[in-house]
Amino acid sequence: MIPENIKTKIVAAIELQRSKFASDAAQAVTLGINAAQLNRIKKGDIQNVLSHGKWINIARKLDVQLTDAPTWVTAKTNVFHFVYTQLETCQNNSLSGILCDMADIGKTYTARQYVKEHQNSVYVDCAQVKSRQKLIRYVAREFGVNHTSRYTDVYNDLIYYLRSIDKPIIVLDEAGDLDYPAFLELKALWNATERFCAWYMMGAEGLEAKITRNKDLKKVGYTEIFSRFGNKYQQVVPQGKEAREDFIRRQVAMVAKVNGAIDIQKIYARTGGSLRRVFTEVQKLKAV
């Protein structure tokens with residue numbers, strides 16, 4: 001069972017998330033519970049309202065740790081500043097863009113952090129919602145609107161909502177994992193929400209290769225998608241082996257240092273520059 005102190009942490013995260021939504025009902029939809037349940041747990045009734053599985057589900061969605069491990073501190077690396085500024089610019093001006101860069105440099109972490117801090121913003125891990133229906137239903141649910149009825153109704157309700165709220169943004173991470181019908185649906189949804197909704201597509205080098213290859217093959221939709229997302233692949237990591245290695249080394253040093261690591265060289269040697277592995281190594285050191 002989840003201890004009461006952890007449930008209290010989850011409720012605090014729910015309260016923090018509330019400012020992103022127009023109503024309690026919309027937030028409840030995103031959390032997968034009903035408005036009455038949400039109202040009860042916010043009033044302190046945390047014993048018999050939600051199942052163990054639902055508490056786990058909400059904790060995962062809100063990135064709440066289920067242990068008393070130290071909180072991870074965000075390092076304002078070059079990647080963080082670049083991606084955060086890109087997302088902010090897109091959302092403020094209802095623009096779209098594509099970022100194709102090395103894996104494991106902090107793109108996903110930054111996007112998630114941005115969405116936590118900004119209203120009318122949604123983060124999508126496209127690897128989990130590869131099909132057209134899963135993608136659109138997921139986006140609708142994250143905005144707190146109808147996502148369970150007929151697909152046509154979900155799609156039309158989502159368009160209506162995106163055109164009604166103030167400067168929404170949808171961040172599509174691992175976008176290269178989307179199947180072809182989902183790409184075509186993105187084009188249609190972009191067309192329907194032009195000048196009302198910002199979009200930001202992210203992925204590693206494989207995303208650029210996929211779009212470029214299908215453009216060259218003149219496959220329907222890819223040229224249009226590329227055009228609508230800015231006609232340019234954004235990149236933050238510099239070209240050239242030495243410049244890249246220096247860039248990654250500085251990233252690792254910043255992340256490790258703000259999270260309490262002292263022997264930065266040892267961290268880098270153990271991780272090979274992987275920020276995901278930096279997290280693991282720093283947690284090991286803290287445990288010791």
Side-chain angles (χ1 to χ4, degrees), residues 17 20-21 26-33 53-54 56-63 83 87 90-91 96-100 103-104 107-116 118 120-162 165 168-193 196-211 214 219-222 224-226 228-229 276:
Q17 188 208 38
K20 287 172 56 66
F21 298 94
Q27 184 183 23
V29 169
T30 300
L31 296 174
I33 58 180
K54 183 54 68 176
I56 296 290
N57 182 258
I58 294 173
R60 176 184 59 78
K61 287 179 179 178
L62 301 183
D63 198 24
V83 175
L87 294 174
C90 284
Q91 183 170 20
S96 301
I98 306 177
L99 174 64
C100 296
D104 204 5
K107 302 187 299 294
T108 294
Y109 181 90
T110 305
R112 289 182 180 276
Q113 199 66 27
Y114 180 90
V115 168
K116 280 183 183 179
H118 289 77
N120 297 335
S121 61
V122 162
Y123 169 88
V124 184
D125 179 358
C126 296
Q128 307 303 318
V129 287
K130 299 177 183 180
S131 72
R132 176 179 68 109
Q133 285 226 20
K134 285 183 178 180
L135 172 65
I136 299 303
R137 289 184 186 277
Y138 179 85
V139 172
R141 189 187 72 186
E142 290 302 292
F143 275 114
V145 298
N146 164 41
H147 66 285
T148 58
S149 60
R150 288 190 315 154
Y151 178 73
T152 300
D153 292 332
V154 172
Y155 180 83
N156 289 329
D157 285 353
L158 177 59
I159 290 173
Y160 177 81
Y161 185 76
L162 292 176
I165 61 176
I169 184 171
I170 300 170
V171 184
L172 302 164
D173 198 6
E174 304 291 353
D177 286 355
L178 291 174
D179 63 22
Y180 182 51
F183 260 95
L184 292 181
E185 200 77 323
L186 275 183
K187 184 187 73 167
L189 192 57
W190 191 100
N191 289 344
T193 59
F196 290 94
C197 181
W199 298 81
Y200 200 75
M201 191 179 289
M202 302 196 311
E205 291 95 333
L207 173 60
E208 178 177 350
K210 179 176 182 176
I211 294 175
N214 284 291
K219 192 166 184 177
V220 174
Y222 281 91
E224 294 91 331
I225 283 285
F226 188 59
R228 284 156 175 74
F229 278 76
R276 290 187 179 89

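Side chain of Thr193 to main chain of Ile159: no donor-acceptor pair is present (N/O by atom type, distance under 3.5 Å, no hydrogens or angles). A distance-only check finds a donor-acceptor pair linking the side chain of Ser131 to the backbone of Lys134 [under 3.5 Å]. With hydrogens and angles disregarded, a donor-acceptor distance shorter than 3.5 Å links the side chain of Lys20 to the backbone of Val115.
Distance check: Gln27 CD to Gln17 CD gives 4.5 Å after rounding to the nearest 0.5 Å. Summarising the geometry, atom CZ belonging to Phe196 is positioned 11.5 Å from atom OH belonging to Tyr160; distances are rounded to the nearest 0.5 Å. For the atom pair Leu186 CG and Ser96 OG, the distance stands at 10.5 Å (nearest 0.5 Å). The distance from the CG atom of Leu62 to the CG atom of Asn57 is 9.5 Å, given to the nearest 0.5 Å.
Applying the side-chain contact (heavy atoms from CB on, under 4.5 Å) criterion to Arg132, with sequence neighbours excluded, gives Tyr151, Pro181, Glu185. Looking at residues two or more places apart in sequence or on another chain, you find a ring-ring contact (aromatic ring centres under 6.0 Å, His included) between His118 and Tyr84, Tyr114.
Within the 4.5 Å cutoff, no side-chain heavy atoms of Tyr138 are placed close to those of Gln128. Proximity of Phe143 to Leu162: side-chain heavy atoms (C-beta onward) are separated by under 4.5 Å at one or more points.
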Which side-chain N or O atoms in residues 199-210 pair as donor and acceptor under 3.5 Å with protein atoms at least two apart or in another chain?
{"unit_1": "Tyr200", "atom_1": "OH", "unit_2": "Gln86", "atom_2": "OE1", "d": "2.7"}
{"unit_1": "Lys210", "atom_1": "NZ", "unit_2": "Gly176", "atom_2": "O", "d": "2.8"}
{"unit_1": "Lys210", "atom_1": "NZ", "unit_2": "Leu178", "atom_2": "O", "d": "2.7"}

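Contact record, Ile225 with Phe183: CD1-O, 3.6 Å, taken as the closest heavy-atom pair. Of all heavy-atom pairs spanning Val154 and Thr148, the tightest one is CG2-N, 4.1 Å. In terms of heavy atoms, Ile169 sits closest to Leu87 at CD1-O, 3.6 Å.
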*Hey, mind stepping through Lys54 and Ile33 against side-chain contact (heavy atoms from CB on, under 4.5 Å) and telling me if it holds?*
CA-CA 8 Å; Lys54 183 54 68 176; Ile33 58 180; 3.8 Å; yes

